[in-house]
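Both ligands and their constituent atoms are indexed starting at 1 by order of listing. One-based numbering along the sequence shown.
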Amino acid sequence: MASSYHEIYQSWQNDPEAFWAEAARDIDWIKPPQTILDSNAGVYGRWFPDATCNTCYNALDRHADGGRGAQTALIYDSPITGAKATWTFSELRDEVSTLAAVLRDLGVEKGDRVIVYMPMIAEAVMAMLACARIGAIHSVVFGGFAAKELATRIDDAKPKVIMAASCGIEPGRIVAYKPLLDAAIGLSASKPQSVLMLQREQAHADMHAPRDHDWAQAVAAAKAAGKSAECVELAATDPLYILYTSGTTGIPKGVVRDNGGHMVALKWTMKNLYGIDPGETFWAASDVGWVVGHSYIVYAPLLHGSATICFEGKPIGTPDAGVFWRIIEEHKVAALFTAPTAFRAIRKEDPEAALLQKYDLSHFRTLFLAGERADPDTIKWAEEKLGVPVIDHWWQTETGWCIVGNPVGLGMLPVKHGSPTVPMPGYDVQIVDEACQPVANGQMGSIVVKLPLPPSCLPTLWQNDARMRESYLDEFPGYYKTADAGYKDNDGYLYIMGRTDDIINVAGHRLSTGGMEEVLASHPDVAECAVIGAADNLKGEVPLGFLVLKSGVTRDTADIEKEVVGLVREKIGPVASFRKAVTINRLPKTRSGKILRGTIKKIADREDWAMPATIDDPVILDEITAALKQHGLL
Ligand code: COA
Ligand code: AMP
């Protein structure tokens, strides 16, 4: 089919408000929007400022009452525990409205924050939807983060209630969440009134009365009493959730998502970008702790009337590298969305994809990849083995949906390996130099998006308009700074080459090297440090730390290196994958004192590097090479 992409993109460019007004017709509003964009509201404008709606209503009730009540909405498949379950739209609505009633009985009201600290189980999805139903603002914290990271989020969001499960299950170990949660609450200045704790059979959580409440008992009591909570009328601009993401300091940024714009954009993507029809199964193999999980495990498929999968497992080892194919066959998955790292892991384990032969993938149409740069090798392997289009697309926590992609539903454009293809309607993407002047095609620059950002993108950071402006809007006036660098080719295809800040991407997880440096610097023997993202065949990048010890420290450097590895695990969490630190005598710096992290990275990645003209002492780079060799890293 010929692609209508260019025509649709042009129609958006000609009249952006008419484009989004049309897309908004696919949402069931309580009060439909009269005004599409108020350019003067908020930090850079607000979408649908006079409309009212409820996201949970559009995700569940609309389908439950509109002829899809008996259709599957949520599939829980947990190869790590062997458990499986499904809920229809009606069943899921009943569960969510009961859980919402429990929250209300705990005193949660519209605008209150609720932190969700849970593994990939169906109740995590229900928790988010229950909050949305009563207008509480959820903030999901990924289970791989340590107590201190959770505490930072508690202090920023100030939740009235925390919803949690007793444990997560990682291959070979059970991660008890309750001790982490208790430690985090202990560390934080803002204490939640209540904890609603789901006891899993793999680990029992100790409960502290009167703060802690048993989830199952509370839900059973609410059901017995016939309690349920109806959808609350919310302004389209009211926050649906806060999702914390790494910033350039140890303090994460609270990305705010609104209700109305988020629904409009996400609903639009299901058909036009992903080519999915209501009633089909869409699977995002991610985690509800990340933006991909928010948008494409929970909200978008349900808003569209599609079935979604909550997968508690890994691409390999649960039990093998064929588990993705098993899920695709068993649940008739039409499209899978995951991070390239998952496919690198499968390929490493089963290079010939021999396990594929066991499964029938005839329903499977498209593989979508995002979260990190999709290396052409992995894409080619997946294309060849699966025999379906493999679509790379680029987006960020801040946007909540794809900035640059290949709109399968509008008719696929030719794939160019290494490029996520073209901007979606809503995004005027430009490549600029430091003076915010457009650069020529083929030339690298900063990737910026002309304001206003489209619906679903962050209107601001949680209670911090100043940080929003400073982080994203001040550097390139009139534009949103993506903090990614790249270039455009003569066909308008974008190439995303890397971050312009200190963020690294480890197995599709976004982490701040600045945050890790803060942890290393807190070690009593460390005088100075630097963390870089070193290239890794499986995870894309892994952090690598360099330590300069305080003068007079005579301890064995190997012990100190081990201790800082432990510190990062304790303070940030296992998800950081921080496993290596190297002690050196001095850090290479420019004459003005800036650490030359880029050059260190090139050395660690065995790339060609040129001696920086401004370096203060070139010999230091030889010292780094020697230290890396000594640690077996070169
Ligand atoms: N709770 C607690 N710990 C967690 C966790 C969670 N939810 N998720 C990961 N961890 C831990 C892991 O157990 C591991 O701990 P370890 O140091 O004791 O081994 C550590 O964090 C690093 O995890 P991860 O980066 O996931 O590496 P891995 O070696 O366990 O697995 C892959 C490698 C490629 C299989 C895995 O990263 C993967 O499935 N990636 C998919 C990427 C993805 O879903 N990205 C989301 C964005 S789309
Ligand atoms: P996150 O906010 O966790 O989704 O991470 C967003 C960052 O991941 C982006 O700013 C990019 O640096 C990177 N990223 C996401 N998707 C892609 C992609 N398809 N290609 C290259 N980089 C990507």
Side chains of [X] and [Y]: is there a donor and an acceptor less than 3.5 Å apart?
X: Tyr241; Y: Trp462; result: no
X: Tyr244; Y: Asp156; result: yes
X: Glu561; Y: His631; result: yes
X: Asp433; Y: Gln443; result: no

Backbone or side-chain N or O of [X] under 3.5 Å from ligand 2 N or O:
X: Gly371; value: yes
X: Thr397; value: yes
X: Thr482; value: no

Close N or O approach ([X], ligand 1; < 3.5 Å):
X: Thr341; answer: no
X: Ser286; answer: no
X: Thr338; answer: no

Which part of Trp290 is near ligand 2, with near meaning a heavy atom under 4.0 Å away: side chain, backbone, both or neither?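 Neither part.
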Short list, please: which atoms of ligand 2 are under 4.0 Å from a heavy atom of Arg499?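 It comes down to these atoms of ligand 2: 9 (C), 10 (O), 12 (O).
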Atoms in ligand 2 with a heavy atom of Asp392 nearer than 4.0 Å: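 With Asp392 as reference, the close atoms of ligand 2 come out as 18 (C), 19 (N).
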If you measure from NE2 on His304 to OH on Tyr296, what distance do you get to the nearest 0.5 Å?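 These two atoms lie 10.5 Å from each other.
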Determine whether any heavy atom of [X] lies closer than 4.0 Å to an atom of ligand 1.
X: Gly371; answer: no
X: Pro315; answer: yes
X: Arg569; answer: yes
X: Phe337; answer: no

Quick test: of every protein heavy atom, which one is nearest to [atom], and how far off is it to 0.1 Å?
atom: atom 13 (C) of ligand 2; result: Asn505 ND2, 3.4 Å
atom: atom 18 (C) of ligand 2; result: Glu372 O, 3.3 Å
atom: atom 42 (C) of ligand 1; result: Ala507 O, 3.3 Å
atom: atom 6 (C) of ligand 2; result: Trp395 O, 3.5 Å
atom: atom 3 (O) of ligand 2; result: Arg510 CB, 3.3 Å
atom: atom 20 (C) of ligand 1; result: Pro574 O, 3.3 Å
atom: atom 8 (N) of ligand 1; result: Phe142 CZ, 3.4 Å

Do [X] and [Y] sit within salt-bridge range, that is, some charged N less than 4.0 Å from a carboxylate O?
X: Lys571; Y: Glu149; answer: no
X: Lys314; Y: Glu170; answer: yes
X: Asp377; Y: Arg344; answer: no
X: Arg569; Y: Glu563; answer: no
X: Glu541; Y: Arg499; answer: no
X: Arg200; Y: Glu312; answer: yes
X: Asp491; Y: Lys416; answer: yes
X: Arg597; Y: Glu517; answer: yes

Is atom 36 (C) of ligand 1 in close reach of the protein, with a heavy atom under 4.0 Å away?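 No, there is no protein heavy atom closer to it than 4.0 Å.
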Is_contact(atom 31 (O) of ligand 1), protein non-hydrogen, under 4.0 Å: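 There is no protein heavy atom less than 4.0 Å from atom 31 (O) of ligand 1.
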Measure Arg579 to ligand 1 on non-hydrogen atoms and call it side chain, backbone, both or neither using the 4.0 Å cut-off.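 Within the 4.0 Å criterion, Arg579 contacts ligand 1 through side-chain atoms alone.
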Kindly confirm or rule out a cation-pi arrangement of Arg153 over Phe145, judged by NZ or CZ under 6.0 Å from the six-membered ring centre and within 45° of its axis?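 Geometry flag: set, cation within 6.0 Å and 45°.
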Check ligand 1 against [X] and write out every atom of the ligand that is under 4.0 Å from a heavy-atom position of the residue.
X: Lys314; value: 8 (N), 9 (C), 26 (O)
X: Trp290; value: 46 (C)
X: Val575; value: 21 (O)
X: Ser577; value: 22 (C), 25 (O)
X: Gly508; value: 47 (C)

Report yes if some heavy atom in the side chain of Asn406 is under 4.5 Å from a heavy atom in the side chain of His393; otherwise report no.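 Side-chain contact under 4.5 Å: no.
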Does some side-chain heavy atom of Leu150 sit less than 4.5 Å from a side-chain heavy atom of Tyr177?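 Answer no - side chains too far apart.
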Worked check of side-chain hydrogen bond (donor to acceptor under 3.5 Å, both in side chains) between Ser577 and Lys539: CA-CA 9 Å; Ser577 290; Lys539 297 191 179 187; 2.9 Å; yes
Heavy-atom nearest neighbour of [atom] within options [options]:
atom: atom 44 (O) of ligand 1; options: Ala342, Ala339, Gly144, Ala285; result: Ala285
atom: atom 11 (C) of ligand 2; options: Leu243, Val291, Asp484; result: Asp484
atom: atom 33 (C) of ligand 1; options: Met120, Arg173, Lys539, Glu170; result: Lys539

Search all heavy atoms of Ser78 against all heavy atoms of Tyr76 and return the closest pair with its distance.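 For Ser78 versus Tyr76, the nearest heavy atoms are CB-OH, 3.3 Å.
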